[in-house]
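Please read the structure below before turning to the comments.
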There are 2 protein chains.
Amino acid sequence: MLIKELSKRTGLPIATLRHYENYGLFKGTSNDQVETNNYKNYDESLVEKIILIKGAKEVGFSLSEIKELLDSWFSKQMTVDRKKAVVNKKIEEIDVKINQLKQVKTTLIEAIKDIENGEC
Amino acid sequence: MLIKELSKRTGLPIATLRHYENYGLFKGTSNDQVETNNYKNYDESLVEKIILIKGAKEVGFSLSEIKELLDSWFSKQMTVDRKKAVVNKKIEEIDVKINQLKQVKTTLIEAIKDIENGEC
DNA sequence: ATAAAGTATAAAGCATACTATATACTTTGT
DNA sequence: ACAAAGTATATAGTATGCTTTATACTTTAT
């Protein structure tokens with residue numbers, strides 16, 4: 001698919017997708033058969049990958065963290081153990097974030113009670 | 001307590017705390033009894049508030065979102081219902097983020113399996 | 001008494017992550 | 001055929017959230 005379709009499928013603006021591609025988060029492929037243009041094709045599998053990027057961003061991961069993760073995940077050079085280590089580290093960080101969110105939620109539920117009791 | 005102590009208690013750099021105070025997330029009180037300086041005092045209760053700010057930041061909430069929440073929470077003008085609505089909205093957003101994190105986690109657990117099977 | 005450490009304020013600087021603009025070329029619809 | 005829409009690339013601009021610097025004053029330790 002072309003960039004516009006990718007944008008529709010992922011819900012991210014074209015400019016943002018280009019930014020991510022330039023940053024090295026993913027790569028479209030120019031079809032060498034077609035000589036009239038250099039439009040890039042984006043594979044179906046990229047949709048899932050980009051939605052992962054989007055989700056990770058929305059919960060506070062930086063582009064560089066996300067890049068590190070994806071680079072390991074799809075690395076041809078890295079050993080299986082090294083790859084797994086990187087991904088597992090990120091999974092642990094996710095658990096930390098989930099707990100942080102639960103804590104913030106608990107605080108806000110307390111806040112609701114205080115508000116109802118006119119205590120603030 | 002003074003700014004340095006607040007920094008120790010919250011784990012945030014003094015410069016960051018000053019930034020947050022300037023942004024309006026909280027307020028220290030200058031003791032008018034003391035005429036020699038205008039050092040600000042930070043109440044014990046601020047520690048919890050700032051740790052909430054820190055946690056919310058780390059899971060992707062912006063300062064303006066956090067400010068909106070805190071402003072409602074401690075507003076003297078707002079009605080109870082309006083306050084509750086703002087806080088409840090944020091609680092819903094937290095649930096969305098928790099689900100996003102779980103989804104990212106699921107994806108990464110799949111990634112581990114793929115890596116083990118040499119599928120990427 | 002005085003050097004070192006702490007506090008306050010204002011302003012500049014910086015990193016990250018977009019977002020917009022300008023230019024040029026290609027494809028598509030009529 | 002040609003206007004409108006799509007794509008690519010490079011560059012500049014912007015918003016957010018700090019972080020650093022400069023300056024000045026206060027407190028603390030010796």
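Chain identifiers are assigned alphabetically (A, B, ...) following the order of the sequence lines, protein sequences preceding nucleic acid strands; residue numbering begins at 1 within each chain. Owing to the predicted nature of the structure, the values given are computational and were not obtained by experimental measurement.
- Put simply, A:N37 has a side-chain N or O that comes within less than 4.0 Å of OP1 or OP2 on C:dT27.
- The nearest whole Å value for the distance from the NZ atom in B:K40 to the C1' atom in D:dT26 is 15 Å.
- Here C:dA20 presents its C1' atom at 14 Å from CD1 of A:I14, a figure rounded to the nearest Å.
- Taking 4.0 angstrom as the limit, B:N22 places none of its side-chain polar atoms (N or O) nearer than this to OP1 or OP2 of C:dA10.
- C:dA17 atom P lies 9 Å from atom CG of A:L25, rounded to whole Å.
- Following rounding to the nearest Å, A:K54 (NZ) and C:dA17 (P) show an atom-to-atom distance of 17 Å.
- Not one side-chain nitrogen or oxygen of B:T36 sits closer than 4.0 Å to the OP1 or OP2 atom of D:dC25.
- Within the 4.5 Å cutoff, the side chain of A:D114 has no heavy atoms near those of the B:F74 side chain.
- Note on B:R18: every side-chain N or O is 4.0 Å or more away from OP1 and OP2 of C:dT9.
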- prompt: What does nucleotides 17-24 of chain D look like as a protein-contact string, B for base, S for sugar-phosphate only, - for none, at under 4.0 angstrom between heavy atoms?
  reply: SBBB----
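- Separating the CD1 atom of A:I66 from the C1' atom of C:dC18 is a distance of 13 Å, rounded to the nearest angstrom.
- Taking only side-chain nitrogens and oxygens, A:K67 never comes nearer than 4.0 Å to OP1 or OP2 of C:dA17.
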- prompt: Would A:E116 and A:K113 satisfy salt bridge (Lys or Arg N to Asp or Glu O under 4.0 Å), going step by step from the backbone distance to the final call?
  reply: CA-CA 5 Å; A:E116 281 172 347; A:K113 284 181 198 156; over 6 Å; no
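- The backbone N or O of A:L63 sits nowhere less than 3.5 Å from a side-chain atom of A:Y20 that would complete a donor-acceptor pair.
- Atoms CD1 (A:I3) and P (D:dG6) sit 13 Å apart, rounded to a whole Å.
- Atom CG in A:L2 sits roughly 13 Å away from atom C1' in D:dA5 (whole-Å rounding).
- Checked by atom type and distance alone, the side chain of A:S30 never pairs as donor or acceptor with a backbone atom of A:K40 at under 3.5 Å.
- Atom CD of B:E5 has more than 12 neighbouring heavy atoms from other residues, nucleotides or ligands inside a 6.0 Å radius.
- Between A:K90 and A:E93, at least one side-chain nitrogen of the basic residue sits less than 4.0 Å from a carboxylate oxygen of the acidic one, meeting the salt-bridge criterion.
- Other residues, nucleotides and ligands contribute over 12 non-hydrogen atoms within 6.0 Å of the CD atom of B:E58.
- Rounded to an integer number of Å, the gap from B:N31 CG to D:dT26 C1' is 15 Å.
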